[in-house]
Amino acid sequence: MTNQLIIEDHHFKKGELSSITTAYIDQYPVVYILYNRNEKKRPVAYIGQTVQVNKRLKQHLNNSKRREIKEVLLIGHEKFNQSATYNIETNLINHFIGDEQFQLQNVSQTRQVQMHQYYEKEYYDEVVFQELWEELQRRQLAKHSIDTIRNKDVYKLSPFKELTPEQLDIKLEIIEYCKQAIQQDETQKVLMIEGEAGTGKSVLLASLYNTLQDYTKSESVLKGTDNYLLVNHSEMLKTYHTMAESLPNLKKNHMLKPTSFINKTDNQKLHPDIVIVDEAHLLLTKKDSYNSFHYENQLEEIIKRAKITICIFDPKQVLKIKSYWDQDKLDQFQKRYNASRFQLKDQLRMKSSPQIIQWIDDIVEKRVTPIPESTASFELQIMETHDALKNKIFSLDKKEGLSRIISTFDYVHKKDGASYLVDPGGINLPWNTTDTKRTWAERPDTISEVGSIYTVQGFDLNNVGVVIGPSVDYDPETDQLVIDIDKYEDKGAFTGRDDMNQELTKKAKETIILNSLNVLMKRAIKGLYIYAINPNLRQKLIALQNERSQSNHAKPTLFNGTDQ
């Protein structure tokens, strides 16, 4: 540890704090961690920052919630300013949530954390924080490495993550709307947050719901409100339940699947106030007795039961006919409820160029366009063989972690214990298995499996190898993708509806296949590697990649500004 980072241990004794010995703590902004080491139950911690350490800690001593806390860690630095201490405080909270050792007492209602730059931010983010975290590990206040934590979904979705200006504006506007609407005895209110894959919908949702829950325990018009988070995606629900174990006002019994919520409110005659619906595009729009849903439309039933319903929506991620929304249906829904709409536009997941995003959008629209160049932070590569794809992803997983092969649903996948293979004789790996607690991609053994849209939707991966199966091909005559709906093996996705004619059903099936491709190709943070099963499509993509390489070689070398 360098001489610049100063850490002091203190104890609360009879309502007093032992004396501070360092000027960089006594007179500068500091970060502090209040904690206990209770062995009978999960340890508790509170993380903060202050410019008046004695005054702030006396306030904590008088707070009944801190009665169990006896230990104090004060963190100072000769270069600390308040931007730096705010930054490190937020980083510590996010990493403690990802570390899953302490239950935090931090609440979020007064925090309006927005991404911003300040002098030497990278130095505090990486150098100082790395040094601090390693010291916390030595003191057994942290278990996992920073790299391990940052690959975990519970860290990526932490409600204390800094929000972009776009996300923060939407969050604050919705909170003010809820404060006003909750006092009115009128018809149900509906708000819709729209955004494509990777635009930060889930981060905004987690931050919004946690703040609303914190308000239920504060002196606010939202005090005592009964609020729920509904998640249709089983893997994502695991992440939210894990998050609830670290934060004081999140309760697992208020984080439910939509059908469970509907049946619970019916059976217990509950009257919820605010309900947030994650990925509302996955909700059922027809009866489904198999899943114990006996009404006509899940979203309609949720709205009936809540004063305020907030829907997270992306029509490009609809994956089943029984939850099919086209733009007309979406517009009609908004008009019927006079729903306020918010739009997330910034791509936050993929560290790629706009050209790469556009190329994926072109593919989803069945257009086969020139392949854009990779960037320093994102690689786009077409793989010529199945072995090349496997070797690439296996290698990246060893190097960076959280790298997986995923595929369109063009191979039979059941849950009866048998081994169902993707591309037998080629990729020749089994479909994903499930675990009761941990999400699929975070289990090390799943590097030898292939993920589907149902295990990766909504999640971030460092690198993905996408297998484009037999349902997607290329027609040289039209120079477009062609979709063969008969080769798509997700038969449950194609279960019909009485309100759709044959032509609309066929269109919906094709849309679902293209939507699934969109979901798969927008999972990666750092690299997208594509292997197409059909020879026509594979050869076309390889040819486009070769043209990209030839174009790069043909470019003149630019003068770099140095003397020769």
Side-chain angles (χ1 to χ4, degrees), residues 319 359-360 362-369 371 379-396 403-414 418-432 446-457 461 463-494 509-524 527-548:
L319 301 174
W359 183 79
I360 295 173
D362 287 343
I363 290 287
V364 175
E365 295 293 330
K366 300 195 295 185
R367 297 189 296 269
V368 186
T369 54
I371 297 177
E379 184 173 24
L380 172 60
Q381 187 175 347
I382 309 301
M383 313 308 290
E384 297 191 19
T385 67
H386 47 79
D387 282 338
L389 179 75
K390 290 199 288 187
N391 292 338
K392 185 71 174 181
I393 297 302
F394 292 168
S395 173
L396 286 169
S403 301
R404 292 293 183 271
I405 297 173
I406 57 182
S407 175
T408 52
F409 216 119
D410 291 333
Y411 303 93
V412 175
H413 182 1
K414 296 183 180 179
S419 179
Y420 292 92
L421 298 175
V422 171
D423 185 30
I427 297 296
N428 204 44
L429 292 174
W431 275 117
N432 51 260
T446 60
I447 184 60
S448 298
E449 298 177 355
V450 179
S452 73
I453 46 176
Y454 300 117
T455 42
V456 300
Q457 186 175 32
L461 296 168
N463 303 280
V464 297
V466 175
V467 179
I468 302 180
S471 66
V472 184
D473 206 348
Y474 170 72
D475 183 351
E477 293 187 6
T478 62
D479 192 30
Q480 282 195 323
L481 291 186
V482 289
I483 306 301
D484 188 341
I485 59 178
D486 294 329
K487 292 181 179 177
Y488 196 64
E489 290 292 344
D490 187 5
K491 303 305 180 187
F494 286 171
K509 288 179 178 179
E510 182 174 292
T511 299
I512 284 167
I513 294 173
L514 291 168
N515 282 352
S516 72
L517 194 57
N518 180 60
V519 168
L520 298 176
M521 294 177 77
K522 290 181 178 176
R523 292 303 100 200
L528 171 60
Y529 306 89
I530 299 170
Y531 175 69
I533 298 296
N534 284 322
N536 277 351
L537 178 57
R538 183 165 66 249
Q539 290 164 13
K540 177 62 177 177
L541 293 176
I542 291 170
L544 289 172
Q545 181 164 261
N546 290 338
E547 290 174 12
R548 177 181 72 174

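For the residue pair T385 / D387, no side-chain donor-acceptor distance below 3.5 Å is found, with atom types taken as modelled.
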Which pairs of donor and acceptor atoms, one on a side chain in residues 515-522, lie under 3.5 Å apart (sequence neighbours left out)?
unit_1	atom_1	unit_2	atom_2	d
N515	ND2	P315	O	3.4
N515	ND2	V318	O	3.0
S516	OG	I513	O	2.6
N518	OD1	K522	NZ	3.2
K522	NZ	E196	OE1	3.3
K522	NZ	D361	OD1	2.6

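Taking CG of L528 as the reference point, atom CG of L461 lies at 11.0 Å (rounded to 0.5 Å). Note that CG of D475 and NZ of K540 are 11.5 Å apart. Values are rounded to the nearest 0.5 Å. Taking CG of N432 as the start and CD1 of I405 as the end, the distance is 12.5 Å to the nearest 0.5 Å. Of the inter-residue distances, the one linking L537 atom CG with D473 atom CG reads 6.0 Å to the nearest 0.5 angstrom.
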Would W359 and T369 count as a side chain to side chain contact (heavy atoms under 4.5 Å, CB included) if you check the C-alpha gap in whole Å, the side-chain angles of each, and the deciding distance to 0.1 Å? CA-CA 7 Å; W359 183 79; T369 54; 3.2 Å; yes

Walk me through whether I483 and I485 qualify under side chain to side chain contact (heavy atoms under 4.5 Å, CB included). CA-CA 6 Å; I483 306 301; I485 59 178; 4.3 Å; yes

Step-by-step side chain to side chain contact (heavy atoms under 4.5 Å, CB included) determination, I533 to I468: CA-CA 6 Å; I533 298 296; I468 302 180; over 6 Å; no

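Legend: salt bridge (Lys or Arg N to Asp or Glu O under 4.0 Å) pairs involving residues 418-430, not counting sequence neighbours: none detected.
Residues W431 and Y411 share a closest heavy-atom pair of NE1-O, 3.2 Å. The nearest pair of heavy atoms linking Y529 to L396 is CE1-CD1, 3.5 Å.
Ring-plane geometry between Y531 and H386 is classed as perpendicular, the angle between the planes exceeding 60 degrees on a 0 to 90 degree scale with a lower cut at 30.
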